[in-house]
Asks: 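What follows is a single structure, and I will ask about it in a moment.
All heavy atoms count here, side chains included; hydrogens, waters and symmetry mates do not. For reference, positions follow the sequence shown, starting with 1.
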Amino acid sequence: MTKKIRIITLGILALIIILGVFYFGYGETHTFSLTDESATDSYLKSEQIQPVFGTVKVWGIQDTDVCFTDVENPEVQYKIGYITPGMTETIKLEKGRWYSVRGAGEITVRMVNARVH
């Protein structure tokens, strides 16, 4: 019986390791740094993002507010009040919708699809 428990335990640990490697690899391919479209005061990024799971992690290289605006319905906005360098915030966005992003400096978002408009 002890050998059976050991085999099951090793199998579960192997599965956890495999799933962890898959998740982090998947996360890396769905992490994007968004850049300023121009040097104006608009801080509008040239890329649009779409949440993969509905929750997006956001961080940046300078102090800024971050605003996500629904591309199809510009009245719908989601805001992260303020982030500073080294600080990560999580925001819930509607899965399957495309959003434009506004914020100062380089902003990195994780678990999204990205496109350039």
Side-chain angles (χ1 to χ4, degrees):
M1 190 69 169
T2 309
K3 188 174 183 180
K4 193 175 192 178
I5 291 173
R6 191 175 304 160
I7 290 171
I8 292 171
T9 303
L10 289 174
I12 291 171
L13 287 174
L15 181 64
I16 289 171
I17 290 170
I18 290 169
L19 289 175
V21 168
F22 174 75
Y23 177 78
F24 286 111
Y26 188 77
E28 287 300 314
T29 60
H30 287 84
T31 300
F32 299 95
S33 292
L34 309 177
T35 56
D36 288 340
E37 186 173 272
S38 64
T40 65
D41 291 332
S42 69
Y43 303 117
L44 184 63
K45 308 303 177 195
S46 60
E47 303 90 352
Q48 295 175 347
I49 61 106
Q50 179 185 57
V52 174
F53 299 119
T55 302
V56 175
K57 287 189 177 192
V58 182
W59 63 93
I61 61 170
Q62 70 184 63
D63 295 354
T64 186
D65 296 333
V66 182
C67 181
F68 298 88
T69 303
D70 189 314
V71 172
E72 294 177 15
N73 186 1
E75 291 85 35
V76 177
Q77 294 184 340
Y78 299 90
K79 294 182 182 181
I80 295 176
Y82 198 71
I83 59 172
T84 60
M87 180 179 167
T88 301
E89 285 290 329
T90 303
I91 188 167
K92 182 119 174 100
L93 299 173
E94 195 173 330
K95 185 179 173 185
R97 311 276 306 179
W98 287 97
Y99 297 90
S100 60
V101 183
R102 175 177 243 118
E106 182 178 295
I107 296 172
T108 303
V109 289
R110 184 173 178 99
M111 300 314 279
V112 297
N113 296 315
R115 70 179 179 191
V116 177
H117 66 254

Asks: To check you understand the geometry: which heavy-atom pair defines the closest contact between T69 and P74, and what is its length?
Replies: CG2-O, 3.5 Å
Asks: Shortest non-hydrogen contact from T55 to K92?
Replies: OG1-CD, 4.2 Å
Asks: If you measure from CD on E75 to CD on Q77, what distance do you get to the nearest 0.5 Å?
Replies: 9.0 Å
Asks: Do the side chain of Q50 and the main chain of G96 share a donor and acceptor less than 3.5 angstrom apart?
Replies: yes
Asks: Same hydrophobic cluster for I83 and V101, using side-chain heavy-atom links shorter than 4.5 Å among ILVMFWY?
Replies: yes
Asks: Would you say the side-chain atoms of Y99 pair up with the backbone N or O of E94, donor to acceptor, closer than 3.5 Å?
Replies: yes
Asks: Would you say V21 ends up clustered with L13 if hydrophobic residues are merged whenever their side chains have heavy atoms under 4.5 Å apart, either directly or through other cluster members?
Replies: no
Asks: Would you check if V112 and L93 make a side-chain contact, meaning some heavy-atom pair closer than 4.5 Å?
Replies: no
Asks: Could you report the tightest heavy-atom contact between S100 and Q48, atom names first, then the distance?
Replies: CA-CG, 4.5 Å
Asks: Are V76 and F68 linked, directly or through other ILVMFWY residues, by side chains that come within less than 4.5 angstrom of each other?
Replies: yes
Asks: Which heavy atom in K57 sits nearest to a heavy atom in T88, and how many Å separate them?
Replies: CB-CG2, 4.2 Å
Asks: Step by step, work out the side-chain contact (heavy atoms from CB on, under 4.5 Å) result for E89 and Y82.
Replies: CA-CA 9 Å; E89 285 290 329; Y82 198 71; over 6 Å; no
Asks: Going from CG on L19 to CD1 on I16, what distance comes out if it is rounded to the nearest 0.5 angstrom?
Replies: 8.0 Å
Asks: If I take atom CG from residue N113 and atom CD from residue E47, how far apart are they, to the nearest 0.5 angstrom?
Replies: 13.5 Å
Asks: If you measure from CH2 on W59 to OG1 on T90, what distance do you get to the nearest 0.5 Å?
Replies: 9.5 Å
Asks: Which atom names give the shortest non-hydrogen contact between P85 and D63, and what distance separates them?
Replies: CD-OD1, 3.1 Å
Asks: Membership question, hydrophobic clusters at under 4.5 Å side-chain separation (ILVMFWY): are Y78 and V58 in the same one?
Replies: yes
Asks: With clusters defined by side-chain heavy atoms of hydrophobic residues (ILVMFWY) lying less than 4.5 Å apart, directly or transitively, does V71 cluster with L34?
Replies: no
